[in-house]
Trainee: 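Structure below; questions to follow.
Indexing begins at 1, ligand by ligand and atom by atom, following the structure's order.
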Amino acid sequence: MSSEKEIVLSGIRATGNLHLGNYYGALSKFVKMQDDYDCLYFIADLHALTTNPQPEALHENVRNILAEYLAAGVDPDKATIFVQSDVPEVSEMYLLLNMHVGIGELLRTASFKDKARKQLGIKDDSQDIERQIIGNETNKRVNAGLLTYPTLMAVDILIQKAHKVPVGKDQEQHLELTRRFARRFNSFYGVDLFPEPENFNFGDHAVKVPGLDGSGKMGKSEGNCIYLVDDEKVLRKKVMRAVTDEGPKEPNQPISQPVENLLTLMELTTAPEIVQSYRDAYADCSIRYGDLKKQLAEDILKVTTPIRERYHDIRNDDAYIARVVRQGAEKARERAAATLKEVREVMGIRKFY
Ligand code: ADP
Ligand code: TRP
């Protein structure tokens with residue numbers, strides 16, 4: 001790995017198995033980027049703590065995601081693969097960076113509002129969430145770690161001085177905050193320590209993979225996912241049950257959201273001319289959703305089957321996993337320690353002995 005290459009960093013929270021949204025939004029980009037950039041990929045176990053998982057489940061989820069990275073083709077000889085908590089420098093810099101982060105800007109972050117609402121059990125998103133949190137009108141609490149989630153994410157990125165951060169569309173606000181914190185730190189101390197990182201996509205825009213339920217994005221907590229490790233039977237069943245509509249009533253009517261979602265999924269997995277043939281069939285009212293779904297399931301399986309097969313072998317190979325993350329942690333720590341040293345120096349934390 002030459003240091004002339006641009007630095008790429010990304011992570012995924014250890015909260016379960018990976019789905020097609022994670023794959024197209026993040027993991028497939030990890031694999032494609034590893035030949036051309038100096039890449040670091042990690043499992044965000046500290047971020048997973050913001051939703052208070054059971055300890056055993058957390059540990060198993062870290063293992064699952066590691067095995068999924070490796071099974072999908074992230075190569076430990078090309079990229080640095082590590083576990084976030086193996087780099088304690090991150091936790092120290094998180095404390096330091098928080099001194100330059102406003103509570104207001106954290107409270108306004110969309111992902112915070114969403115998750116805080118969930119922790120408080122508020123369904124109605126028109127309610128003023130800040131008042132509910134401060135007013136403590138219920139005996140439920142929103143933990144401070146959730147509020148400072150963007151600080152921790154910014155530190156993951158800045159401590160490695162990353163230039164590019166391959167993530168899905170939903171993470172763009174966090175990246176915007178990271179850039180803001182980097183600029184703020186650089187200008188407050190009159191230094192040029194941190195580059196401003198940007199998202200990375202192979203197309204021209206960030207991907208948002210839709211779910212199978214006809215509504216929004218595919219997400220772990222939405223229950224609308226196709227997992228990379230779903231077996232053939234489960235996967236086919238999920239696709240066959242995906243929400244559609246009653247069929248086009250007249251030629252050239254606009255495509256309904258649920259069907260557009262399936263076509264969007266198809267665009268990720270299927271040859272463009274086949275996707276176009278289904279669009280044309282919608283337009284002339286000859287579309288058969290059963291055929292579309294069969295085709296879609298086949299094409300998704302072509303992507304996921306090899307990953308699933310490798311996953312099970314890797315997941316059970318404790319020695320291999322240990323070797324990969326030990327080697328990754330060493331590299332990630334070396335760079336993190338160098339940045340932390342600069343940050344402490346710049347902020348005036350200097351030793352007397
Ligand atoms: P989830 O939303 O299922 O909890 P995470 O928040 O852990 O998933 O996301 C991990 C990575 O996968 C991030 O880079 C995120 O942007 C990406 N990602 C998650 N869901 C999608 C989706 N539906 N479309 C595109 N990218 C996604
Ligand atoms: N917040 C990201 C997510 O939910 C995970 C993450 C944590 C991350 N730290 C990061 C992604 C640093 C990219 C870079 O998916």
Trainee: Going by distance only, is there an N or O of Pro166 that falls short of 3.5 Å from an N or O of ligand 1?
Mentor: no
Trainee: Only heavy atoms of Ile157, strictly under 4.0 Å: list the atoms of ligand 2 that pass.
Mentor: 12 (C), 14 (C)
Trainee: Does any N or O of ligand 1 fall below 3.5 Å from an N or O anywhere on Gly168, backbone included?
Mentor: yes
Trainee: Please tell me whether Phe185 and Tyr189 form a close aromatic pair, meaning their ring centres lie under 6.0 Å apart.
Mentor: yes
Trainee: Show me which atoms of ligand 2 lie under 4.0 Å from any heavy atom of Phe42.
Mentor: 9 (N), 10 (C), 12 (C)
Trainee: Nearest protein heavy-atom contact for atom 1 (N) of ligand 2: which residue, which atom, what distance?
Mentor: Tyr149 OH, 2.7 Å
Trainee: Heavy-atom count around Glu273 CD within 6.0 Å, excluding the residue itself: above 12?
Mentor: yes
Trainee: Any chance CD1 of Ile274 has more than 12 other-residue heavy atoms, nucleotides or ligands included, within less than 6.0 Å?
Mentor: yes
Trainee: At less than 4.0 angstrom from any non-hydrogen atom of Met218, what atoms of ligand 1 do you find?
Mentor: 20 (N), 21 (C), 22 (C), 23 (N)
Trainee: When you measure from atom 24 (N) of ligand 1 to every protein heavy atom, which one gives the shortest distance, and what is it?
Mentor: Val209 N, 2.7 Å
Trainee: Applying a heavy-atom cut-off of 4.0 Å, say which part of Leu152 lies close to ligand 2: side chain, backbone, both or neither.
Mentor: neither
Trainee: Of all the non-hydrogen atoms in the protein, which one sits nearest to atom 2 (O) of ligand 1, and at what distance?
Mentor: Lys217 NZ, 2.9 Å
Trainee: Which of the numbered atoms in ligand 1 are below 4.0 angstrom from a heavy atom of Ile12?
Mentor: 10 (C)
Trainee: Could you give me the CA-CA distance, side-chain angles and deciding distance for Asn22 and His19, then say whether side-chain contact (heavy atoms from CB on, under 4.5 Å) is met?
Mentor: CA-CA 5 Å; Asn22 302 136; His19 51 73; 3.2 Å; yes
Trainee: For ligand 1, find out whether one of its N or O atoms is nearer than 3.5 Å to an N or O atom of Gln171.
Mentor: no
Trainee: What about the rings of His100 and Phe181, do their centers lie closer together than 6.0 Å?
Mentor: no
Trainee: Among Lys294, Gln295, Arg288, which one satisfies side-chain hydrogen bond (donor to acceptor under 3.5 Å, both in side chains) with Asp291?
Mentor: Arg288
Trainee: Look at atom CZ of Arg350 and say whether more than 12 heavy atoms of other residues, nucleotides or ligands are closer to it than 6.0 Å.
Mentor: yes
Trainee: Would you say Ala26 and ligand 1 have an N/O pair spaced under 3.5 Å apart?
Mentor: no
Trainee: Hey, which atoms in ligand 1 end up nearer than 4.0 Å to a heavy atom of Lys208?
Mentor: 24 (N), 25 (C)
Trainee: Is it true that the side chains of Asn17 and Tyr311 contain a donor and an acceptor less than 3.5 Å apart?
Mentor: yes
Trainee: Starting from atom 16 (O) of ligand 1, which protein heavy atom do you reach first, and at what distance in Å?
Mentor: Asp170 OD1, 2.5 Å
Trainee: For ligand 1, indicate whether the residue Val207 contacts it via side chain, backbone, both or neither (heavy-atom separation under 4.0 Å).
Mentor: backbone
Trainee: Identify the protein heavy atom lying closest to atom 11 (C) of ligand 2, giving its residue, its atom name and the separation to 0.1 Å.
Mentor: Gly11 O, 3.3 Å
Trainee: Counting non-hydrogen protein atoms only, what is the nearest one to atom 11 (C) of ligand 1? Give residue, atom name and distance.
Mentor: Asn22 ND2, 3.7 Å
Trainee: Starting from atom 6 (O) of ligand 1, which protein heavy atom do you reach first, and at what distance in Å?
Mentor: Arg13 NH2, 3.3 Å
Trainee: Check for me whether the distance between the ring centres of Tyr37 and Phe200 falls short of 6.0 Å.
Mentor: yes
Trainee: Check each atom of ligand 2 against the heavy atoms of Val167 and keep those under 4.0 Å away; list them by number with element.
Mentor: 11 (C), 13 (C)
Trainee: For ligand 1, is there an N or O atom under 3.5 Å from any N or O atom of His19?
Mentor: yes
Trainee: Just going by heavy-atom distances, which of Gly216, Gly219, Gly21, Ala48 is nearest to atom 27 (C) of ligand 1?
Mentor: Gly21
Trainee: Quick test: of every protein heavy atom, which one is nearest to atom 9 (N) of ligand 2, and how far off is it to 0.1 Å?
Mentor: Asp156 OD2, 2.7 Å
Trainee: Using atom types as modelled and distance alone, determine if a side-chain donor or acceptor of Lys293 lies under 3.5 Å from a backbone N or O of Ala242.
Mentor: yes
Trainee: Taking the side chain as every heavy atom from C-beta outward, state whether His163 and Glu196 have any atom pair closer than 4.5 Å.
Mentor: no
Trainee: With a cut-off of 6.0 Å (strictly less than), are more than 12 heavy atoms of other residues, nucleotides or ligands near NZ of Lys238?
Mentor: yes
Trainee: Going by the order shown, which atoms of ligand 2 are within less than 4.0 Å of some heavy atom of Gln171?
Mentor: 1 (N), 2 (C), 3 (C), 4 (O), 15 (O)
Trainee: Judged by atom type as modelled, is there a donor-acceptor pair below 3.5 Å linking the side chain of Gln84 to the main-chain atoms of Asp45?
Mentor: yes
Trainee: Could you go through Phe42 and Ile81, starting from their C-alpha distance and side-chain angles, then the distance that decides it, and tell me whether this counts as side-chain contact (heavy atoms from CB on, under 4.5 Å)?
Mentor: CA-CA 6 Å; Phe42 69 100; Ile81 303 172; over 6 Å; no
Trainee: Would a 4.5 Å heavy-atom cut-off, applied to side chains only, mark Ile300 and Leu296 as touching?
Mentor: yes
Trainee: Can you find a non-hydrogen atom of Thr15 under 4.0 Å from ligand 1?
Mentor: no
Trainee: What part of Lys220, side chain from CB on, backbone N/CA/C/O, both or neither, has a heavy atom under 4.0 Å from ligand 1?
Mentor: both
Trainee: Heavy-atom contacts with Val165 under 4.0 Å: which atoms of ligand 2 show up? List them by number with element.
Mentor: 13 (C), 14 (C)
